[in-house]
Each structure stands twice: as structure tokens, then as C-alpha cells.
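To find a chain, count down the sequence lines: A is the first, B the second, and so on, and within it residues start at 1.
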Amino acid sequence: MDYKKVIAERIKEMTNLETETIEKLIEQPPQPDMGDYAFPCFQLAKTMRKAPNIIAQELKTTINSNGFEKIENVGGYLNFFVGKATLNEVTIKKALEEKDKFGYSDIGNGKNVIVEFSSPNIAKPFHVGHLCSTAIGNSLYKILSSQGYNCIGINHLGDWGTQFGKLIVAIEKWVDEEALERDAIKELLRIYVKFHDEAEKDPTLEECARQRFKMLEDGCEKERILWQKIKDLSLKEFNKLYERLNVKFDSYAGESFYNDKIDSLVEELKQKNLLTESKGALVVDLSDFNMPPCIVMKSDGATIYATRDLAAAIYRHNTYNFHKNIYVVGTPQALHFKQVFKTLELMGYQWADDCVHVGFGLVKFEDKKLSTRKGDVVFLDELLDEAVSRSLKLIEEKNPNLENKELVAEKIGIGAVLFTYLKNNRERDIIFSWDDIINFDGETGPYVQYSYARGRSILRKAEGFNSKADYSKLKSKDEFELVKLISQFNENILFAIEKYEPSIVTRYIVDVAKAFNKFYNQYPIMSCDDDTLKAARLNLVEATTVTIKNALSLLGIEVVEKM
RNA sequence: GCGCCUUUAGCUCAGUUGGAUAGAGCAACGGCCUUCUAAGCCGUGUGUCAGGAGUUCGAAUCUCUUAAGGCGCACCA
């Protein structure tokens with residue numbers, strides 16, 4: 001039941017506003033005891049030439065109040081109170097029937113949506129910064145999928161570019177094969193850093209590296225073999241992390257994948273008269289749009305990331321005929337994507353409008369010493385290990401008899417980290433302090449997982465209890481608030497899609513968990529004398545656990561039955 | 001220099017697209033486990049919503065402006 005729509009239609013009968021504009025005006029009153037929905041009458045004041053509070057009063061007396069408990073006018077507001085018994089019953093039954101699919105819809109109608117995310121650079125360590133794209137992208141993938149979109153997750157690996165020339169040179173000169181076998185990324189990083197150190201003394205190394213990359217791009221066998229080796233070794237490491245985070249991709253088509261699609265792209269740009277030569281490079285002039293030029297071909301004839309992104313976008317359109325093509329990449333690259341999208345538009349592709357850059361801020365550490373413990377980065381593995389070990393310590397302290405402690409600790413620790421990454425507005429920088437991760441109190445992943453575990457614990461105890469539920473007896477403010485929140489699950493997901501913003505779901509879960517804990521703490525459930533009320537409460541508990549579980553899964557976080 | 005972003009309680013942040021008395025968490029202090037998991041619940045807040053001007057019934061939210069900070073501006077990604 002969509003109350004907004006019902007209200008809008010009834011107000012429409014009495015005013016000259018469209019239902020859509022009315023729906024947009026409808027809001028939630030700041031206090032629950034003021035009602036569930038409110039319609040502000042101020043905008044009507046002009047056309048109706050009456051004071052808002054008079055309009056509200058008149059609407060109140062004439063409006064069809066069927067299905068509402070009551071309708072009140074307060075000042076210029078018309079406040080609606082929905083029928084509690086109905087909403088209780090409809091919401092809880094829906095959650096229990098739909099179970100794992102509660103909150104889902106098929107609004108996406110099977111349309112293809114590409115989510116490019118994670119996209120680490122081969123041969124470089126996966127550090128705490130990479131988790132932004134990975135967590136946000138994975139979550140968007142799940143959120144969109146839950147609403148019937150057919151998502152294609154692409155890990156646009158950074159497996160091409162000048163750095164491979166450097167790596168090839170470095171491997172030939174300095175690699176320690178044994179170390180490479182033991183810990184590939186560490187060794188590759190070591191020689192990569194060494195390359196830069198040496199290049200400062202000997203600038204010809206840079207030139208050498210550029211040549212080797214050009215050779216790689218031209219398909220020389222020796223370079224090709226080394227490149228493949230570097231890629232295989234790195235991917236093996238990355239996949240360990242992806243498994244740990246339970247992140248999957250439908251495609252690993254990285255930058256190198258588009259190497260053979262560059263020539264036709266450049267040809268097409270030429271034909272469309274978009275290329276100009278500038279300082280030896282081929283560029284698309286974007287000065288008409290107040291942007292620096294988009295470089296397509298460097299003066300040495302090699303490609304650059306813009307070239308590969310252009311080729312990738314066209315390839316994706318031809319292959320997937322996408323409804324949206326989403327790039328989960330940090331905000332520092334905003335200009336780059338604006339240039340690429342504009343170039344696509346100039347090429348005459350209307351679908352350039354369907355390309356979206358979903359940006360995010362940087363991960364910073366409050367205590368900078370921590371961020372520099374190993375070189376100048378914190379590896380993601382370290383962060384996860386720290387969170388998991390802290391979680392294990394807490395289990396030992398609070399629930400030492402718990403079975404499968406290590407497994408539970410892993411889920412809680414990783415859940416805590418993901419939750420932190422997905423809690424804030426994604427464009428904001430995340431300021432981490434080691435304490436934030438160690439602290440599992442308050443609005444955190446462990447808090448919502450704990451709420452879920454509490455609910456499940458009750459439900460285990462209630463197994464075998466069988467009585468008909470009387471939902472009209474859930475009439476306390478706290479019970480109804482919880483029901484209301486649960487009923488708003490789907491609209492929160494849709495809002496998250498509209499904004500490409502997983503944090504909307506994260507915050508929603510916190511609200512549900514808070515409302516649940518409040519309810520849990522104040523009202524007896526198992527020890528409730530009235531069987532029909534007890535049944536109603538138990539079903540409300542179950543509806544809550546269903547909601548928390550489904551919502552957390554949209555963030556890529558698993559629940560635990562006990563903790 | 002140009003462009004984009006940020007600025008809300010001691011700290012970290014929300015604020016549903018312009019609505020009712022600006023809210024959470026952390027930290028601090030006090031209370032609640034002989035009843036369903038205390039990783040919980042309840043209570044305690046004198047905020048220049050960075051400053052100024054404007055738009056209107058109404059602004060943390062929109063416009064202009066000033067300040068502080070961040071990011072980006074051609075062969076790295």
C-alpha cells in the first residue's frame with residue numbers, strides 16, 4: 001500500500017495540483033506523534049488566496065479519510081495518521097512471505113547495467129584506498145541487482161600502461177625470483193620502487209621503460225611473456241582478497257583488453273574530424289567546453305588511459321547495450337571522465353549520457369604514523385586482520401563458549417570494516433583512526449550484526465510456538481516505529497539507486513537496528529502472557545531479522561546467528 | 001590563475017532535494033543484567049549550520065560574495 005499515492009490522489013480531487021507534485025511535497029513529520037505523513041499547504045496559499053492554516057483546516061474537513069486512523073491540521077500542515085493495525089499486518093506478513101527477497105522489486109526490468117569497480121593496478125599492493133571502489137561498487141552491484149537490473153561487474157584492471165615498461169626493465173635488472181614466488185606483489189613493489197630510485201640517478205632508464213612499453217603494445221613476444229607473468233601473479237594475490245570480501249566480477253577485461261580496439265577508435269575519431277595535433281600528440285580539443293584537451297595518442301605513438309576508456313565505453317555499448325555504464329572511481333578523476341564522456345558525445349553517441357562517474361573521496365588516517373608503517377600505505381590485509389583479531393578478542397571476553405569463534409570473528413571484523421567504508425556519503429573523505437575500527441560500539445557493523453543475532457536468538461527459543469498473531473495489539477509507539485521503518489525498506493533502496501549511494505542503505509540499517517533494540521529492551525516477547533500479542537511480536541522480530549539480513553547483504557556483509 | 005568539492009556539537013558525521021523545536025554516534029557523567037545476548041537500553045547538549053548579503057510565507061538546504069581547507073588542470077592512472 002502506497003500511502004503517499006493515496007494521499008496525493010485524494011488531495012488532487014480538491015486542488016488544482018498534479019498528483020506528482022503533491023507526492024513530492026508530502027513529507028514525514030519531525031515527530032512520530034505528529035503523524036506519519038504530512039502535506040504542507042503553504043504553496044496553495046497563493047493560488048487559493050487563503051492562509052495556509054485555513055486551507056489545511058478546510059482540507060481536513062472535506063478529505064476522504066478512509067483507511068486512515070485520523071487526519072489532523074496543525075498550522076499549515078495536514079497530518080495523516082495511518083491505520084496501525086493494517087500497516088502492521090501488511091508489512092510483517094510481506095517480510096515473512098518474501099524472506100530473502102523482501103525489499104526486492106523488478107523495477108529494473110532486466111536492463112543491463114555495467115558497474116566498473118575495484119580496478120586495482122597490477123603489480124601494486126592492494127591497500128586500504130582500493131577498498132572504497134571495491135566496497136561501493138560491490139554494493140551498488142547488489143543494490144541494483146535487487147531491483148531487477150541485470151548487472152555486469154567489470155574489474156577494469158590496471159594492466160596496461162607505461163608502468164609495465166618500468167616493471168619489465170626492473171625485472172630484467174633486479175628481480176629476486178625466489179622472493180617473487182613467495183610474495184609476488186611485495187617483490188614487484190620492491191623493484192618498482194628501486195626503478196624510481198635508480199631513474200633519478202640515470203634518466204635513460206625512463207626512456208628505456210617507455211620503449212619497452214611501446215614494444216609490449218606492438219606485440220613483441222618477450223615483453224608479452226613477462227607482462228603475462230606479472231599479471232598472473234598479481235591476480236592470484238588479488239583473488240585471495242576478493243574471496244575474503246566475497247566480491248565477484250563478471251569480467252576482468254582490463255585496460256590491456258582494449259589494446260586491439262585502439263586503431264579503429266583512432267580511425268573513427270579521425271573520420272569524425274575530432275582529432276587535432278598538438279605538440280606531437282593527437283588530442284580532442286575541448287576548449288569549447290571549458291576543458292583541457294582529451295589526449296588520445298601520446299607523442300611517442302603509445303596510448304593513454306583516455307584512449308582505453310573511450311575504446312572500453314564503445315566496446316561495452318556494443319557488447320552489452322547498457323542502460324547505464326557506471327564507473328566507481330575516485331573523485332580526483334572527475335575531470336578525466338568529463339572529458340571522456342564529452343568526447344563520446346562529440347562522436348555522436350547519445351548513450352554518452354548514460355555513462356556515470358560515481359566518485360568517492362580518499363581514505364585518510366587520523367594518525368599519520370599508522371599510515372606509514374609499511375612504506376607509505378596500509379595494506380588491506382593488515383586492516384582486515386586487525387579488525388578480525390580485535391573481534392576475536394571481544395568474543396573471548398564476552399562470549400567465550402561461542403562455537404566457530406574464528407569464523408564469526410572473520411565475519412564481524414570484515415563486516416565492521418565494510419560498514420565503516422559504506423557509512424558516509426561516498427564523496428566525503430573517510431578519516432580513519434585505528435580506534436574507529438577497534439571500537440565496535442554505536443553505529444557500527446557489529447552493532448547491527450548484534451541486533452540481528454539477538455533477534456535470531458529469540459526466534460530459536462520460540463521454535464514450536466504456534467499461535468495466531470493479532471497485529472492490532474502492536475500499538476505502542478516503539479513497535480509501530482519499527483514496523484514503519486521495515487515498511488520503508490524498498491523505498492530506501494530505490495533512493496540509494498537514484499543517488500548511487502550505498503550509505504543510504506547503511507544508515508537505514510542502523511535506524512532499523514536502533515528501533516529494534518529499543519523495542520527489544522522494553523517489551524517482553526517470549527514471556528508475554530497474551531499469545532496473540534506474543535505471536536505478533538515474534539513475527540515482528542522475524543520481520544526485523546529478515547530486513548537486517550537482506551539490507552546487510554546489499555552491502556556485501558554477512559550476518560551471524562550468534563555472537 | 002581557472003575549475004570542482006568541502007566547511008553543521010569537543011571528535012566523526014546525518015539532515016529524504018526549500019518546511020514544523022537542526023539530529024545521531026563517539027568521548028564525558030549518571031542509571032538499568034534473579035526475565036528473551038549489557039557489542040545493548042534510558043537520561044544529561046547555551047550549535048554564530050564558516051562569515052556576509054540576497055531570493056520568499058519559510059533557508060543548514062537555492063543565488064551572489066568573503067574566508068579556510070582539499071582535489072584537479074597535456075602525454076601517469
**Request:** List in numerical order all residues of residues 281-293 of chain A for which some heavy atom is under 4.0 Å away from an atom belonging to RNA chain B.
**Result:** Ala281(A), Val283(A), Pro292(A), Pro293(A)
**Message:** Judged by each residue's nearest nucleotide on RNA chain B, which is more toward the 5′ side, Arg210(A) or Tyr520(A)?
**Reply:** Tyr520(A)
**Request:** Any chance you could list the contact pattern along nucleotides 29-35 of chain B? Use B for base contacts, S for sugar-phosphate-only contacts and - for none, protein heavy atoms under 4.0 Å, 5' to 3'.
**Result:** -------
Would you say [X] places a side-chain N or O within less than 4.0 Å of OP1 or OP2 belonging to [N]?
X: Lys338(A); N: G3(B); value: no
X: Arg308(A); N: A77(B); value: yes
X: Tyr450(A); N: A39(B); value: yes
X: Tyr447(A); N: C41(B); value: yes

For residues 450-460 of chain A, tabulate all N or O donor-acceptor pairs below 3.5 Å that involve a side-chain atom, not counting sequence neighbours.
{"residue": "Ser451(A)", "atom": "OG", "partner": "Tyr447(A)", "partner atom": "O", "Å": "2.8"}
{"residue": "Ser451(A)", "atom": "OG", "partner": "Asn517(A)", "partner atom": "ND2", "Å": "3.1"}
{"residue": "Tyr452(A)", "atom": "OH", "partner": "Glu561(A)", "partner atom": "OE2", "Å": "3.0"}
{"residue": "Arg454(A)", "atom": "NH1", "partner": "Asn517(A)", "partner atom": "OD1", "Å": "2.8"}
{"residue": "Arg456(A)", "atom": "NE", "partner": "Glu561(A)", "partner atom": "OE1", "Å": "2.7"}
{"residue": "Arg460(A)", "atom": "NH1", "partner": "Glu561(A)", "partner atom": "O", "Å": "3.4"}

**Message:** Taking pairing as Watson-Crick or G-U wobble with both contacts under 3.5 Å, can you name the mate of A14(B), or confirm there isn't one?
**Reply:** none
**Complete:** Under a 3.5 Å limit on both distances, the Watson-Crick or wobble mate of G30(B) is C42(B)
Indicate, with a heavy-atom threshold strictly under 4.0 Å, whether [X] touches base, sugar-phosphate, or nothing.
X: Ala45(A); value: nothing
X: Ser457(A); value: base
X: Asp300(A); value: nothing

**Request:** When you get a sec, tell me which of A20(B), A39(B), U37(B) is the closest nucleotide to the side chain of Leu394(A)?
**Result:** A39(B)
**Message:** Just to verify, which of Phe341(A), Tyr500(A), Phe360(A) counts as forming a ring pair (Phe, Tyr, Trp, His ring centres under 6.0 Å) with Tyr327(A)?
**Reply:** Phe341(A)
